[in-house]
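First comes the structure, then the notes that go with it.
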There are 2 protein chains.
Amino acid sequence: MTQETGGRRPNIYDVASEAGVSKSLVSLVLRGAHGVSPARRAAVEEAIKRLNYRPNRAAATLAGNRSRTIGVVLDDYRNLWFVGLLAGLHEQLAPLGFRVAVADPLFNAHLDRTPVDGLMSLRVDGIVIATEPSEEMFAALDVPAVVAGNRDIRVPGADIVTNDDMVGGRLATEHLIGMGHRDIGHVTGGGGAARLRAAAYEASMLENGLRPHITRGQGFTMESDGYQAALKLLDQNPSLTAIFAANDTMALGAAGAARDRGLRIPEDLSLIGYDNSPLASANLLRLTTVDGRNGEVGAKAAQALLDRMKDPHVPVRTMLVEPELVVRASTAAPA
Amino acid sequence: MTQETGGRRPNIYDVASEAGVSKSLVSLVLRGAHGVSPARRAAVEEAIKRLNYRPNRAAATLAGNRSRTIGVVLDDYRNLWFVGLLAGLHEQLAPLGFRVAVADPLFNAHLDRTPVDGLMSLRVDGIVIATEPSEEMFAALDVPAVVAGNRDIRVPGADIVTNDDMVGGRLATEHLIGMGHRDIGHVTGGGGAARLRAAAYEASMLENGLRPHITRGQGFTMESDGYQAALKLLDQNPSLTAIFAANDTMALGAAGAARDRGLRIPEDLSLIGYDNSPLASANLLRLTTVDGRNGEVGAKAAQALLDRMKDPHVPVRTMLVEPELVVRASTAAPA
DNA sequence: ATCGTTTTCTGGAACGCTCCATTTGTTCCC
DNA sequence: GGGAACAAATGGAGCGTTCCAGAAAACGAT
């Protein structure tokens with residue numbers, strides 16, 4: 001398969017001599033530069049194919065002092081909101097020649113102190129923090145950064161892009177109120193986004209002269225958190241006709257709690273989630289939810305990064321994406 | 001924060017002079033080598049901290065001609081079986097100083113022809129293919145590789161590690177038969193794993209003198225595929241008392257279909273899934289399922305890779321992990 | 001043809017590490 | 001106190017690119 005290069009993997013010199021040009025010209029072709037004659041370009045591409053040459057990104061990163069890669073810090077693969085975010089990032093960045101590297105949530109403390117350290121060692125050109133940022137993370141930050149999905153914790157010098165959880169929380173609560181519900185509970189969790197959604201819920205309730213009922217689960221991402229919290233909520237407030245869960249996963253838990261208390265959705269209890277995850281569209285739930293438009297968040301995060309790469313001194317911005325209500329079958333007027 | 005290195009990021013030379021040692025000694029400390037005196041080691045670590053030095057992995061990869069990284073090719077973040085796989089890989093590899101890099105399923109064809117190309121450019125030391133391998137993928141393979149979760153397509157030179165889908169399919173089917181079910185349907189999907197599970201279902205049914213009923217969804221990963229297929233199955237076979245779905249996501253779809261046909265689970269219809277995903281343990285489903293023990297698959301994949309890195313000529317192996325039945329509340333004896 | 005101009009192409013010098021052969025230092029024994 | 005044996009530390013070469021300044025080629029206008 002591979003031509004003979006003495007057992008070695010071929011490098012640009014091999015390609016260059018195969019194509020009868022200089023190594024620099026090969027480099028130009030690899031980077032898709034302008035000002036290369038079509039004939040030479042074709043010759044180089046031919047040679048690349050013949051030798052089964054594959055560029056060495058380590059060398060490119062070292063020599064160019066940049067990796068053309070954007071790092072993304074995730075916290076949990078099971079919380080699927082990041083999928084839309086990555087798609088949005090990709091869509092904006094790939095055409096410009098940037099790759100996206102995900103810093104493994106399981107990163108090992110033995111090798112790097114934080115996922116950010118790992119990405120910095122890779123010499124990424126920018127970082128998207130899609131988790132609750134911690135102090136020790138931003139000590140290491142040395143490149144343009146944006147925090148996505150969280151406006152609670154400010155990272156010095158980092159832009160913030162997120163869906164507007166306050167608006168989303170109001171959207172959800174007012175949807176229920178608009179349908180005629182008066183006794184509406186809220187199941188919340190840990191973390192900044194949950195806090196804002198809860199605050200919006202509370203504000204909406206009070207503005208409408210209604211009494212808020214909030215129960216907090218242990219975590220934010222687990223179905224069991226939603227289940228436990230919803231059980232408590234239902235048992236303490238038997239007159240409840242609707243629940244707003246801080247995310248779809250917790251809504252799934254709440255749906256389990258409702259079933260266990262003999263409540264049908266939406267006949268006996270309306271249920272609304274947040275995130276518009278794949279779960280929400282499942283036929284078993286047909287969950288009304290709030291779509292945080294994570295693709296848009298990703299696209300805006302990419303834009304913020306690109307702007308800051310061009311000029312590191314642009315003022316720090318907070319960009320809010322307007323969430324949308326997605327009405328499905330889990331909400332209805334109270335009996 | 002950073003000490004003065006003339007605006008540059010500090011490198012090993014800066015650390016070396018700060019600590020009063022040679023660059024080589026710094027390198028040794030970085031790699032955690034033996035034979036460095038505690039005093040010098042401490043001095044170097046001090047200097048690293050003072051300068052806020054972060055090693056350049058591109059340079060390390062280039063110089064060492066290896067990245068100490070294992071690449072993993074995924075196909076869809078929404079199909080959560082990979083989470084256990086990654087955990088298993090991590091657990092084995094991190095203590096040995098290997099990182100795990102996930103090749104983005106959204107990889108852009110503009111930058112790399114396949115995800116494998118991208119990983120090869122990164123000079124990974126091994127590759128785990130956790131998706132259906134394609135011809136053009138293994139053209140690029142040049143390092144130890146293992147295919148995880150699929151024994152259908154053979155990649156030349158690659159080991160295979162997967163849960164034993166045949167055993168799992170039998171486990172599920174015989175669990176239902178053992179409970180007294182006679183009319184059992186199967187909802188299957190695309191892909192090699194699904195094919196094996198279906199074959200095992202069919203074999204078990206026939207061995208027990210029962211007539212198999214298989215319906216195939218469009219895809220394998222979508223809830224809607226399971227929903228559609230289960231609807232068809234139920235409508236064509238009204239006497240059905242149990243459904244075995246090829247994975248938990250499709251089982252969720254099947255649960256939706258059952259609900260829409262007025263069937264209670266497990267009173268009117270028993271339902272069993274496959275994967276033991278987070279979904280299965282949700283209180284709304286409490287789904288009986290087959291656990292493919294993906295953590296174990298990941299651990300074995302790591303071992304296969306390490307063995308082949310040591311000696312590229314060890315014969316190609318197929319390693320099967322024994323799956324386990326996880327009984328929850330979605331299965332019961334027929335009425 | 002001749003001379004600018006512009007376009008295309010080239011060689012050399014980094015980039016920041018690892019690896020290896022060698023040097024320097026230390027310990028222990030007779 | 002001298003040397004063997006071992007442990008610890010070092011300097012140089014090389015990894016495969018990019019970038020840059022400048023050379024060569026192509027093109028136009030006179």
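Chain identifiers are assigned alphabetically (A, B, ...) following the order of the sequence lines, protein sequences preceding nucleic acid strands; residue numbering begins at 1 within each chain.
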Please tabulate, one pair per line, all N/O donor-acceptor pairs under 3.5 Å involving side-chain atoms of residues 24-33 of chain B, not counting sequence neighbours.
| unit_1 | atom_1 | unit_2 | atom_2 | d |
| --- | --- | --- | --- | --- |
| Ser27(B) | OG | Arg31(B) | NE | 3.2 |
| Ser27(B) | OG | Arg31(B) | NH2 | 2.7 |
| Arg31(B) | NE | Ser27(B) | O | 3.3 |

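Atoms CD1 (Ile12(B)) and P (dC19(C)) sit 12 Å apart, rounded to a whole Å. Between the C1' atom of dT6(C) and the NE2 atom of His34(A) lies a distance of 16 Å, rounded to the nearest Å. Taking atom CG on Leu25(B) and atom P on dG25(C), their separation rounds to 14 Å, with Å as the unit. Distance Tyr13(B) OH to dT18(C) P: 11 Å, rounded to the nearest Å. The CG atom of Leu51(B) sits 15 Å away from the C1' atom of dG16(C) (whole-angstrom rounding). In this structure, CZ of Arg123(A) is placed 11 Å from C1' of dC17(C), rounded to the nearest angstrom. What separates CG of Leu28(B) from P of dT18(C) is a distance of 9 Å, to the nearest Å. For Asn11(B) and dT18(C), the CG to P distance is 12 Å, given to the nearest whole Å.
Regarding contacts with the backbone of dC17(C), every side-chain N or O of Arg57(B) stays at 4.0 angstrom or more from both OP1 and OP2. Between dT18(C) and Ser27(B), a contact under 4.0 Å exists linking OP1 or OP2 to a side-chain N or O. Note on Ser24(B): every side-chain N or O is 4.0 Å or more away from OP1 and OP2 of dT18(C).
Between chain B and DNA chain D, the heavy-atom contact criterion of under 4.0 Å yields a 5' to 3' nucleotide range of dA8(D) to dG16(D).
Side-chain contact check for Val44(B) versus Ile48(B): some heavy-atom pair is nearer than 4.5 Å. Inter-residue side-chain proximity for Ile70(A) and Ile127(A) is flagged as unmet; no heavy-atom pair is nearer than 4.5 Å.
Across all strands, Asn65(A) comes closer than 4.0 Å to no nucleic acid atom at all (heavy-atom distances).
Heavy-atom minimum distance, Tyr77(B) versus Val83(A): CB-CG2, 3.9 Å.
Mapping Val36(B) and Leu62(B) onto DNA chain D by nearest heavy atom places Val36(B) closer to the 5' end of the strand.
How far CZ of Arg40(A) is from CD of Glu45(A): 14.0 Å, rounded to the nearest 0.5 Å. One finds the CZ atom of Arg123(B) at 7.5 Å from the CG atom of Asn65(B) (value rounded to the nearest 0.5 Å).
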Report the C-alpha separation of Arg317(B) and Asp307(B) in whole Å, then their side-chain angles, then the decisive distance to 0.1 Å, and conclude whether the salt bridge (Lys or Arg N to Asp or Glu O under 4.0 Å) test is met. CA-CA 11 Å; Arg317(B) 286 177 299 179; Asp307(B) 290 350; 3.0 Å; yes
